[in-house]
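Letters A, B, ... are given to chains in the order of the sequence lines, protein chains preceding strands, and every chain is numbered from 1. Keep in mind that what you see is a predicted model, and the values were worked out from it rather than measured.
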There are 2 protein chains.
Amino acid sequence: MKVSAVLCGSDRSEPHRGPMTEMQKTDDHSFRSHCSIARTLELVGDKWTLLVVRDLLWHGKHTFQALQGSAERIPTNMLAERLRRLMSWGLVRREPYQDRPVRYGYYLTEAGWALEPVLLQVMQWGHRHLDGDWYDPEKSGRNGDSEWD
Amino acid sequence: MKVSAVLCGSDRSEPHRGPMTEMQKTDDHSFRSHCSIARTLELVGDKWTLLVVRDLLWHGKHTFQALQGSAERIPTNMLAERLRRLMSWGLVRREPYQDRPVRYGYYLTEAGWALEPVLLQVMQWGHRHLDGDWYDPEKSGRNGDSEWD
DNA sequence: GCGCTCACTTTCATATTGAAAGTTTATACA
DNA sequence: TGTATAAACTTTCAATATGAAAGTGAGCGC
């Protein structure tokens with residue numbers, strides 16, 4: 001399933017006036033080039049986004065609090081902004097896990113879990129070259145895992 | 001071959017005083033967690049680094065000017081800083097391609113080209129989900145390629 | 001009403017980014 | 001001897017992003 005540029009789409013053209021609002025930043029779905037790598041980096045090219053995907057995909061973390069709890073200590077405003085961005089790109093959807101007050105759980109879409117091979121390769125590289133931990137998705141069934149707070 | 005923390009290594013401990021110098025930023029090889037993904041993102045978690053690796057690996061670009069020329073138009077200060085960082089992590093080495101004045105070409109090390117599977121997966125995702133271009137490394141023999149300026 | 005929880009949002013100081021101009025070293029003419 | 005050109009950076013500075021911490025709001029339990 002292809003991610004569609006829901007609210008925008010054209011490549012950079014008219015420069016804007018004044019500072020960008022938070023919403024404009026979240027919803028800017030334009031690209032720097034036609035390169036697949038450059039385009040993907042527009043989405044996940046930062047220090048937090050793939051960690052959120054990792055937690056949603058492998059560590060059974062679906063609430064704001066659970067995602068916040070991960071070892072890297074993502075700031076709450078960053079987490080909120082990244083989730084908003086991932087939703088706006090169609091990689092994550094949310095659904096209420098309770099009413100009154102309504103609270104949402106976050107889940108990867110098809111496009112979201114299609115990032116698993118990327119995560120696996122990134123992990124492999126970090127394991128081999130930076131002495132990072134190994135995690136075997138097979139051995140935990142996507143339901144959270146005590147070793148990964 | 002494992003990337004060794006040439007000039008540092010220990011995880012975050014003493015907070016420093018005052019603003020960080022350019023050199024301190026380049027040489028900060030500490031990690032946020034033991035996670036291989038988090039560690040790898042510390043190195044390549046931005047919008048430019050993997051594009052530089054892409055150009056070195058697939059598009060036969062080894063001079064500052066050639067790297068600058070890519071479609072995404074990396075600013076010169078960013079390019080210089082990224083190359084410095086990649087060298088400090090041991091993913092890139094440089095060697096003179098002329099004397100007087102001495103000028104350097106940049107090349108991936110073993111650890112650097114070990115990122116190829118990551119790039120391939122990132123490309124695949126971007127091709128499938130963001131309608132990005134496909135590039136076949138096999139079909140160009142790593143010596144540059146007219147389609148990719 | 002009072003305190004507590006979860007899920008954010010706001011604030012603000014600091015850090016990073018990027019556009020553009022400047023510097024350095026050396027060759028090539030005129 | 002000047003002037004121009006070229007590659008490879010470095011510097012400057014305004015705009016943007018990050019992140020620590022405090023604040024907000026909706027509802028529950030007592």
Side-chain angles (χ1 to χ4, degrees), chain A residues 12 15-28 30 32 38 41-49 51-52 55 61-70 72-87 92 94-106, chain B residues 12 15-28 30 32 38 41-49 51-52 55 61-70 72-87 92 94-106:
Chain A
R12 298 199 190 302
H16 57 82
R17 294 267 152 245
M20 256 192 172
T21 68
E22 196 59 36
M23 258 310 155
Q24 281 175 317
K25 280 179 287 179
T26 295
D27 291 338
D28 182 6
S30 58
R32 288 176 293 175
L41 290 177
E42 213 92 27
L43 246 119
V44 302
D46 67 80
K47 295 211 191 322
W48 295 114
T49 303
L51 298 185
V52 173
D55 289 343
K61 300 185 179 181
H62 299 283
T63 63
F64 196 92
Q65 200 173 41
L67 290 163
Q68 243 195 86
S70 283
E72 295 84 10
R73 305 346 300 292
I74 183 170
T76 57
N77 53 343
M78 289 288 104
L79 177 56
E81 203 258 321
R82 291 306 191 272
L83 287 170
R84 219 180 299 130
R85 249 165 87 58
L86 285 168
M87 285 191 289
V92 164
R94 67 176 188 181
E95 49 187 62
Y97 69 85
Q98 70 164 44
D99 294 345
R100 347 210 39 260
V102 60
R103 280 173 185 161
Y104 299 95
Y106 297 90
Chain B
R12 297 202 188 300
H16 57 83
R17 296 268 150 245
M20 255 191 174
T21 69
E22 196 60 36
M23 257 310 155
Q24 281 176 317
K25 279 180 287 178
T26 295
D27 291 338
D28 182 6
S30 59
R32 289 175 292 175
L41 290 177
E42 214 92 28
L43 247 119
V44 302
D46 67 80
K47 295 213 191 322
W48 295 114
T49 303
L51 297 184
V52 174
D55 288 344
K61 300 183 179 182
H62 299 283
T63 63
F64 197 91
Q65 199 172 43
L67 290 163
Q68 242 196 88
S70 283
E72 295 83 10
R73 307 341 304 290
I74 183 171
T76 57
N77 53 343
M78 290 287 104
L79 177 56
E81 203 258 320
R82 291 306 190 270
L83 287 170
R84 219 180 298 131
R85 248 166 87 60
L86 285 167
M87 285 190 291
V92 164
R94 67 175 189 181
E95 49 188 62
Y97 69 85
Q98 71 164 42
D99 295 344
R100 346 208 39 256
V102 60
R103 280 174 186 162
Y104 299 96
Y106 298 89

Q) Quick one: CZ on A:R94 to CZ on A:F64, what's the gap to the nearest 0.5 Å? A) 12.0 Å
Q) B:M78 has an atom CE; how far is it from atom C1' of C:dA19, in whole Å? A) 11 Å
**Q.** Side chain B:Q98, main chain B:P101, donor-acceptor under 3.5 Å
**A.** yes
Q) Which of these nucleotides, D:dA20, C:dC8, C:dA19, is closest to any side-chain atom of A:N77? A) D:dA20
Q. Can you check the B:R85 CZ to C:dT17 P distance for me, whole Å?
A. 9 Å
Q) From D:dT18, C:dA20, D:dA7, pick the nucleotide closest to the side chain of A:R82? A) D:dT18
Q) How far apart are the closest heavy atoms of A:S70 and A:K61, and which atoms are they? A) OG-NZ, 2.7 Å
Q.
If I take atom CD1 from residue B:I74 and atom CG from residue B:L83, how far apart are they, to the nearest 0.5 angstrom?
A. 7.5 Å
Q. Distance from A:E81 atom CD to A:D46 atom CG, nearest 0.5 Å?
A. 8.5 Å
Q | Shortest side-chain distance from B:Q65, nucleotide among D:dA7, C:dC8, D:dA20 | A | D:dA7
**Q.** Heavy-atom pair of closest approach, residues A:M87 and A:Y106
**A.** CE-CE2, 3.9 Å
Show me the protein contacts with nucleotides 23-27 of chain D, counting only N or O atoms at under 3.5 Å.
{"unit_1": "D:dG27", "atom_1": "O3'", "unit_2": "A:R100", "atom_2": "O", "d": "3.1"}

**Q.** Short side-chain N/O contact from A:R73 to OP1 or OP2 of D:dA21, under 4.0 Å
**A.** no
Q: Take the protein atom CD of A:E42 and the nucleotide atom C1' of C:dT17, then report the distance between them rounded to whole Å.
A: 14 Å
Q | Nearest-angstrom distance from the residue atom NE2 of A:H62 to C1' of C:dA7 | A | 17 Å
Q) So, is B:Y104 close to the C:dT25 phosphate, meaning a side-chain N or O under 4.0 Å from OP1 or OP2? A) no
(Q) With a 4.0 Å cutoff (strictly under), does any side-chain N or O of A:W48 reach OP1 or OP2 of D:dG19? (A) yes
**Q.** Selected nucleotide, minimal atom distance to B:R94 side chain, candidates C:dA19, D:dC9, C:dT9
**A.** D:dC9
Q. Between atom CD in A:E72 and atom C1' in D:dA20, what is the gap in whole Å?
A. 17 Å
Q) Rounding to a whole Å, what distance do you find between B:E81:CD and C:dT16:P? A) 9 Å
Q. Tell me: CG of A:L79 to P of C:dT10, nearest whole Å?
A. 16 Å
Q.
Nearest to the side chain of A:T76, heavy atoms from C-beta on, is which of C:dG18, D:dC9, C:dT9?
A. C:dT9
Q.
What is the distance, to the nearest angstrom, from the CG atom on B:L51 to the P atom on C:dG18?
A. 11 Å
**Q.** Straight-line distance of A:E72 CD to B:L41 CG, nearest 0.5 Å
**A.** 9.0 Å
Q) When the nearest nucleotide of DNA chain D is assigned to A:I74 and to B:Y97 on a heavy-atom basis, which residue is associated with the more 5' position? A) B:Y97
